[in-house]
Participant: 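Let me begin by handing over the structure; questions about it come next.
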Amino acid sequence: MTVPVTAYEPAESPGVATKPPGQGAIEGPVTSPPERDQRLSVGEKLGYGVGDTASNLYWKTFEFFLVYFYTDVFGLTAKSAGTLMLVTRIWDAINDPLVGYLADRTRTAWGRFRPYLVWMAVPFAITGMMTFYTPNLGPTGKLIYAYVTYTLVMMAYTAINIPYGALMGVISSDSIERTSVSTYRFVAAFCGGIVVQYCTLGMVRYFGGSETAVIDGVAKEVVVNEQMGFFWTMAVFSVAAVILFLITFATTKERVQPAVAMKSTFRADLRFVLTSLRVHQVMLGGLALLACLATAFSTDTLLPILGGYVFLSLVSLAVRQVALHRFDDVTEASTLEMDFNDLISNRPWMVLFGFGLLQLSGLFVRGGAILYYFKYYCGDASLAPMFWVLGSFAAIAGMLLTKPLTRIFGKKNLMIGMNAGVAVLTACFLFLEPDQIKTMFALQIAASFIGGPVPVLLWAMYADTADYSEWRGGRRATGLVFAAATFSQKMGCAVGAAMTGFALDYYGYLQPLLGVEQLQTPTTLAGLRMMMSVIPAVFLLSAAACLLLYNINQTLSVQIERELQARRTEDLQPT
């Protein structure tokens, strides 16, 4: 049974303000009067920001080194690594919204979202170290180990990063102030990225030991034990991440609280999950798409996948009938159902979901290709760290212009223009020869500078969509909004990383044999150029086009903020 969401129906304009009947109860502590939480201290903004430094010690390691680690160090084939990236996302379809659901319903003296920064910091560290450990197992054993550890580390990432992201939605009710917080966050995030980009290979060399070897007639410094080098490098990053998350916990506050009660029993929520055909079809459709991607849309597997989809759809009908009978005594509404309905009817959030998936797919294809590109196409892998670092400094410089540029152009127009510009500059790599190193670096710096504000704006826009949902329907599910947002980011990461593995396999990449690099074919080198240019450019242009459907402009954003503040102030008045 679908429970209608109570909406605001004012007399004068849509979304304007009277409290819905029967929803005057205040849930937990309410926000302070709006004028008190407009401005945040620099210390709190920095404290919040270093949490994303911690996240990026993992995220950037995954982006730039994970596929390389799996193929050239751990010992998987490129195709197996690509398939792993996609198959492990199946659990995220359940895990991500579950964490958002739990976070929205967490009640502690520390708040809803901050406690997870303490609870999950150590598991986050342990799973990261396990992922970059190479066990002494055969090919099948290693593959199973990789699946288990990568699944666990992404679960831990979800359990700490979704509450961390949602924290930005409740740290202030001011949209411009949240954009400022987002700027601090992503400057700090890029600092974490710079550490990964600049230090990883050097740390691997330090912990793994190095020696000089002659490869193709050229003397090169090689790492003696890359397996040990990567493990201890990740151990250092993991300990640093724990410390940084604890700093975020200690320096931040949660100020924005829902003004109305959002409570239902677990049985009501479970009944909704088991009986909603819409939820079942979203999950089964996603699984079918993942299966198609994991098998590269092979004609041999399309029919079995379709058969599996039909079979599971029939199973969902049976489950629904059983659940309707089993839970026929449940009469109360499910807030999870309301959250889900709010989310899928939230147009701006749906647009950002598509944007995040497309943009991250393109960035991860290119990010995963960079080390291979410099190692094999340019003949010098040592160029990669400086290429990454200069790009990150340029991105930070671009981020510092986010606030003034947002005031001039608005978030939507700025995002479209920046992504289109980055796509054009990225496509130019197709025409570069191996010795045009200066041009490569110049294009990287320009593209990174233009694209610098993108992550800042994206997460600030996610917070805006949470406001939009509350403004339109009278309810706020910040955790679920950011959980689903994180899921789109992780899906983009998975698709991009998987495409890196599939493309390497398609273009005939030859892995090192007994630790010795092999000479790549012209076809492989041409493929690396495509992975650095055309393929990511297509994804970025598609992401820019997706934003044309985003409907929160500057005028509406100001209106939403003003009206939500008025509602919260009204809720504070004695009845």
Participant: Heavy-atom count check: over 12 atoms from other residues, nucleotides or ligands less than 6.0 Å from Tyr506 OH?
Facilitator: no
Participant: Side chains of Asp52 and Asn161: closer than 4.5 Å at any heavy-atom pair?
Facilitator: yes
Participant: Is the centre of the Phe132 ring less than 6.0 Å from the centre of the Phe74 ring?
Facilitator: no
Participant: Aromatic rings Phe62 and Tyr58: how do their planes relate, parallel, tilted or perpendicular, breaks at 30° and 60°?
Facilitator: perpendicular
Participant: So, the side chain of Glu332 versus the backbone of Ala268: is there a donor-acceptor pair under 3.5 Å, distance only?
Facilitator: no
Participant: Hey, is CZ on Arg267 packed in by over 12 heavy atoms from elsewhere, all under 6.0 Å?
Facilitator: yes
Participant: Answer yes or no: does atom OH of Tyr133 have more than 12 heavy-atom neighbours from other residues, nucleotides or ligands under 6.0 Å?
Facilitator: no
Participant: Ring centres under 6.0 Å, that's the criterion: do Phe364 and Trp59 meet it?
Facilitator: yes
Participant: Please tabulate, for side-chain N and O atoms in residues 350-362, each donor-acceptor pair with protein atoms closer than 3.5 Å (sequence neighbours left out).
Facilitator:
unit_1 : atom_1 : unit_2 : atom_2 : d
Ser361 : OG     : Leu357 : O      : 2.7
Ser361 : OG     : Gly492 : O      : 3.4

Participant: State which residues pass salt bridge (charged side-chain N to carboxylate O under 4.0 Å, His left out) with Glu44; sequence neighbours excluded, sorted by chain then number.
Facilitator: Arg255
Participant: Distance check, rounded to the nearest 0.5 Å: Leu564 atom CG versus Gln559 atom CD?
Facilitator: 10.0 Å
Participant: In this structure, is the centre-to-centre distance between the rings of Phe124 and Phe245 below 6.0 Å?
Facilitator: yes
